[in-house]
**Student:** 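Attaching a single structure in structure tokens format; questions to follow.
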Amino acid sequence: MPHFEEGTTLDRFLLDTMRARPGATGQLVTLLKQVALAGKLVNARVQRAGLAGMLGAVGGMNIQGEYVQKLDVYANDTFKRALEHAGVCCMIVSEEDEEQMLIPADYEAGEYIFSMDPLDGSSNIDTNASIGTIFGIHRKVSAGRDGAPADVLRAGRELVCAGYVLYGAGTMLVLSTGAGVHGFTLDPSVGEFFLSHLDIRLQPSTRAYSCNEAYSAQWDPRLQAWLAGLKEPSLGWSARYIGSLVGDFHRNLVKGGVFLYPPTAKARQGKLRMLYEAQPLAFLAEAAGGAASDGHMPILDKVPTSLHERSPLYIGNAEAVARIVEVLNS
Ligand code: AHG
Ligand code: MN
Ligand code: MN
């Protein structure tokens with residue numbers, strides 16, 4: 001990889017790292033530039049949400065049976081609009097849409113499939129806490145102009161790229177194509193993302209856990225015992241939970257920690273979705289030297305069988321994830 005200084009623009013980074021790849025058509029660079037554009041548009045709306053009448057619910061439920069917030073709809077539309085005409089996607093999968101979206105006949109279709117959670121952390125929109133857009137990008141394998149579910153119902157290791165845009169105290173785009181994880185911070189005064197976190201590494205062991213502990217009585221008793229054991233004061237563990245997966249993951253990526261969303265009585269397969277939550281973040285975790293598991297196997301080896309499939313998720317420091325897997329299989 002070429003040498004990059006902090007402060008390099010996202011555009012230059014993308015051009016220098018991706019256009020140089022053998023066989024590159026430039027479509028992935030264009031796709032990621034459109035992701036950055038959509039991220040800036042959503043960010044602008046998030047920043048003004050309290051002023052622009054964007055807080056609160058739309059009044060309906062999505063395919064997951066969850067109340068849809070105005071920003072969920074705005075983010076979903078914005079990412080789709082930014083990508084559909086760019087000639088880089090042949091299908092878009094979204095948490096907010098039951099079916100995959102194909103590219104309208106008026107536009108050229110491209111070679112990639114974009115899967116997204118347009119707005120992760122919806123329950124935190126009204127509270128000014130970190131929220132984000134999580135995405136995974138596959139290259140088409142099926143024949144014909146349009147993408148098909150089989151293009152994304154694949155092991156996460158086959159992702160071409162994954163990342164997220166974090167709308168937090170600062171706005172960041174974090175991405176990986178498998179070779180390292182890099183973070184770009186939006187400078188709102190010029191409207192550009194600049195490289196701020198080159199080659200982020202997930203520390204092998206740190207003592208912070210992120211989970212909705214209120215559900216712990218519903219977990220596997222072996223996991224409950226593991227959690228109880230962490231509370232021995234001499235071990236020095238801390239809890240850090242925002243309730244936005246993307247915010248919790250980002251904190252742990254930068255500072256170290258492990259995030260868990262185990263199965264509960266209400267969510268027997270866990271709550272988080274494979275295609276646009278677990279797989280993209282697992283791709284980033286492994287590229288940063290961390291790990292992600294469903295409690296039995298690496299998330300990246302698991303093949304989803306439907307677009308909105310859920311999975312338990314244990315993700316973060318390699319050591320903590322390995323310990324949880326050991327506990328759950330003891
Ligand atoms: P989304 O807002 O996309 O529906 O995702 C919410 C998810 C995730 O961000 C978070 O980790 C989890 O829901 C929190 O769930 P609990 O409220 O059950 O802790
Ligand atoms: Mn989500
Ligand atoms: Mn969402």
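In each ligand, atom 1 is the first atom listed, and ligand 1 is the first ligand listed.
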**Student:** Please name the atom of Glu277, limited to N, O or S, that comes nearest to the Mn ion (ligand 2).
**Tutor:** OE2

**Student:** Between Tyr164 and His250, is the ring centre distance below 6.0 Å?
**Tutor:** yes

**Student:** Does the separation of the ring centres of Phe114 and Phe135 fall below 6.0 angstrom?
**Tutor:**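 Yes, the ring of Phe114 comes within the 6.0 Å limit of the ring of Phe135, centre to centre.
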
**Student:** Does Asp248 have any salt bridge (Lys or Arg N to Asp or Glu O under 4.0 Å) partners at least two apart in sequence or in another chain, and if so, which?
**Tutor:** none

**Student:** Does the pair Glu111/Lys140 count as a salt bridge with the N-to-O cut at 4.0 Å?
**Tutor:** no

**Student:** With the threshold set at 4.0 Å, does a side-chain nitrogen-carboxylate oxygen contact exist between Glu95 and Arg273?
**Tutor:**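 Answer for the salt bridge query: yes.
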
**Student:** Judged by atom type as modelled, is there a donor-acceptor pair below 3.5 Å linking the side chain of Asn329 to the main-chain atoms of Glu326?
**Tutor:**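 Not at all, since once roles are kept as given, no pair shorter than 3.5 Å links the two residues.
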
**Student:** If you measure from the Lys or Arg side-chain nitrogens to the Asp or Glu carboxylate oxygens, is any gap between Lys80 and Glu84 under 4.0 Å?
**Tutor:** no

**Student:** Under a 4.0 Å heavy-atom cut-off, which residues neighbour ligand 1?
**Tutor:**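 Within 4.0 Å of ligand 1, the protein residues are Glu66, Glu95, Asp117, Leu119, Asp120, Gly121, Ser122, Asn212, Tyr215, Tyr241, Gly243, Ser244, Leu245, Phe259, Tyr261, Lys271, Leu272, Arg273, Glu277.
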
**Student:** Side-chain donor-acceptor pair under 3.5 Å between Asp187 and Ser189, yes or no?
**Tutor:** yes

**Student:** Could you grab the protein N, O or S atoms closer than 2.8 Å to the Mn ion (ligand 3) for me?
**Tutor:**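 Correct list: Glu95 OE1, Asp117 OD1, Leu119 O.
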
**Student:** Hey, can you pull the donor-acceptor pairs under 3.5 Å for the side chains in residues 255-263, sequence neighbours left out?
**Tutor:**
none

**Student:** Measure the acute angle between the ring planes of Phe13 and Phe184, then classify it against the limits of 30° and 60° as parallel, tilted or perpendicular.
**Tutor:**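 It falls in the perpendicular class, over 60°.
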
